[in-house]
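Counting from 1, the numbers follow the sequence of the chain as shown. No experiment lies behind these values; they were computed from the predicted model shown.
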Amino acid sequence: MTNTTTTAPAPAYRELPRLMSLMTGDEKHGPAATSTLDALWVLYDRVLRVTPETADAPDRDRFLLSKGHGPMAYYAVLAAHGFLDEDLLAGFGSYGSPLGHHPDRLLVPGAEIGSGSLGHGLPLAVGSVLGLRAQGLTAPRVWVLTGDAELDEGSNHEAIAYAGPAGLEQLHAVVIDNASATYGRPGGIAERFTTAGWSVESVDGRDHEALYAAFTAPHPGQPRAVVARVAPKR
């Protein structure tokens with residue numbers, strides 16, 4: 001008799017449209033979701049050091065979805081990587097489903113925070129880094145994905161201003177720039193982070209190799225911000 005071991009197939013980007021199509025309803029906010037799809041995929045597929053098996057491990061990377069309005073892409077990526085059963089996707093937003101229109105950290109496997117359209121995730125990420133440092137955990141990285149309009153919020157502005165001078169090297173921000181912000185900034189979004197002492201790069205938010213290179217670039221002694229420019233899909 002020959003013993004064989006069956007392994008699960010590796011997740012594939014091409015599966016995401018099918019997974020997202022399982023989620024329906026008037027409140028799905030498709031454009032808000034698809035603007036984050038490529039950045040989320042690259043993070044979970046190639047960058048984040050966290051799996052369904054290590055989702056509670058102290059030394060895991062933390063990912064905070066601050067742009068929590070229209071989380072279809074987030075749920076699809078989590079399902080593709082085994083954090084949740086894809087059978088749950090069809091119930092998205094329905095009564096009794098754990099997959100709400102905004103993610104709930106107590107209901108969604110792998111979710112670190114509950115958030116909405118303006119999730120104030122940057123100050124939460126700053127606090128996460130400081131908490132890890134207080135525990136002597138310097139290896140885990142904290143990633144937060146925000147929208148450009150969120151940066152109009154004062155708490156996020158203050159987090160940007162604090163993190164650079166504090167040298168929070170474990171902190172990484174991904175800003176989805178789909179030109180939805182109300183207020184312009186002199187020099188653009190990237191300049192706001194640069195002025196505050198962050199390591200910053202702007203890339204095409206649909207280009208997986210450019211995203212990966214920006215996500216993995218060294219930034220000793222500085223927090224890292226990647227501005228992902230995203231035009232709406234037609």
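- Applying the salt bridge (Lys or Arg N to Asp or Glu O under 4.0 Å) definition to pairs two or more places apart or across chains, those involving residues 74-91 are Arg18-Glu86.
- The nearest pair of heavy atoms linking Ser128 to Leu64 is OG-CD2, 4.3 Å.
- Aromatic ring orientation, Phe92 versus Tyr75: perpendicular (interplanar angle above 60°, classes split at 30° and 60°).
- In terms of the side chain to side chain donor-acceptor pair (under 3.5 Å) criterion, residue partners of Asp45 (sequence neighbours excluded) are, by chain and number, His81.
- Within the 4.5 Å cutoff, the side chain of Glu209 has no heavy atoms near those of the Val42 side chain.
- How far CE of Met20 is from CD of Glu15: 13.5 Å, rounded to the nearest 0.5 Å.
- Put simply, the side chain of Leu19 reaches to within 4.5 Å of the side chain of Leu89, judged on heavy atoms.
- Checked against ring pair (Phe, Tyr, Trp, His ring centres under 6.0 Å), Phe215 has the following partners two or more places apart in sequence or in another chain: Trp143.
- Shown here are the side chain to side chain donor-acceptor pair (under 3.5 Å) partners of Thr51, two or more places apart in sequence or in another chain: Glu53, Thr54.
- Pairs passing the ring pair (Phe, Tyr, Trp, His ring centres under 6.0 Å) check and including a residue from residues 109-135, sequence neighbours excluded, do not occur.
- Here the shortest heavy-atom pairing between Ser202 and Ala190 reads OG-CB, 3.6 Å.
- Note on residues 57-74: pairs passing salt bridge (Lys or Arg N to Asp or Glu O under 4.0 Å), not counting sequence neighbours, are Arg49-Asp61, Arg60-Glu112, Asp61-Arg141.
- Atoms CG and CG, from Asp148 and Asn178 in turn, are 5.0 Å apart once rounded to the nearest 0.5 Å.
- The ring of His219 has its center closer than 6.0 angstrom to the ring center of His172.
- Remark: Thr195 engages Glu191 in a side chain to side chain donor-acceptor pair (under 3.5 Å) (not counting sequence neighbours).
- Partners of Ser199 under the side chain to side chain donor-acceptor pair (under 3.5 Å) rule, at least two apart in sequence or in another chain, are Arg224.
- Sorted pairs that involve residues 113-127 and meet salt bridge (Lys or Arg N to Asp or Glu O under 4.0 Å), not counting sequence neighbours, are lacking altogether.
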As a quick check of understanding, evaluate side chain to side chain donor-acceptor pair (under 3.5 Å) for Thr138 and Gln170, giving each step before the final call.
CA-CA 7 Å; Thr138 58; Gln170 288 168 266; 5.9 Å; no
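- Listed here is the closest heavy atom pair of Trp41 and Ala80: CZ3-CB, 4.0 Å.
- Ala228 meets the side-chain contact (heavy atoms from CB on, under 4.5 Å) test with Ile176, Leu211; sequence neighbours excluded.
- At a threshold of 4.0 Å, the pair Arg133-Glu169 does not count as salt-bridged, since none of the basic side-chain nitrogens sits closer than that to a carboxylate oxygen.
- Within the structure, salt bridge (Lys or Arg N to Asp or Glu O under 4.0 Å) contacts touching residues 90-106 (residues at least two apart or in different chains) do not occur.
- Looking at Leu37 and Leu16, their side chains come closer than 4.5 Å, going by heavy atoms from C-beta outward.
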Would you please test Val175 and Val226 for side-chain contact (heavy atoms from CB on, under 4.5 Å) and show each step?
CA-CA 6 Å; Val175 182; Val226 176; over 6 Å; no
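- In this structure, CG in Leu84 is found 5.5 Å from CG in Leu78, a value given to the nearest 0.5 Å.
- Note that the CG atom of Asn156 and the CZ atom of Arg192 stand 10.5 Å from one another [nearest 0.5 Å].
- Nearest heavy-atom pair across Gly197 and Pro223 is O-CD, 4.2 Å.
- Classification of Asp177 and Arg229 as a salt-bridged pair fails, no side-chain N sitting under 4.0 Å from a carboxylate O.
- At a threshold of 4.5 Å between non-hydrogen side-chain atoms, the residues Tyr162 and Leu168 count as touching.
- Across all their heavy atoms, Ile113 and Leu65 have their closest contact at CD1-O, 4.0 Å.
- Closest of all the heavy-atom pairs between Gly100 and Pro71 is O-CG, 3.7 Å.
- Evaluation of the ring pair (Phe, Tyr, Trp, His ring centres under 6.0 Å) rule for Phe63 yields Tyr44, Tyr74 as partners, not counting sequence neighbours.
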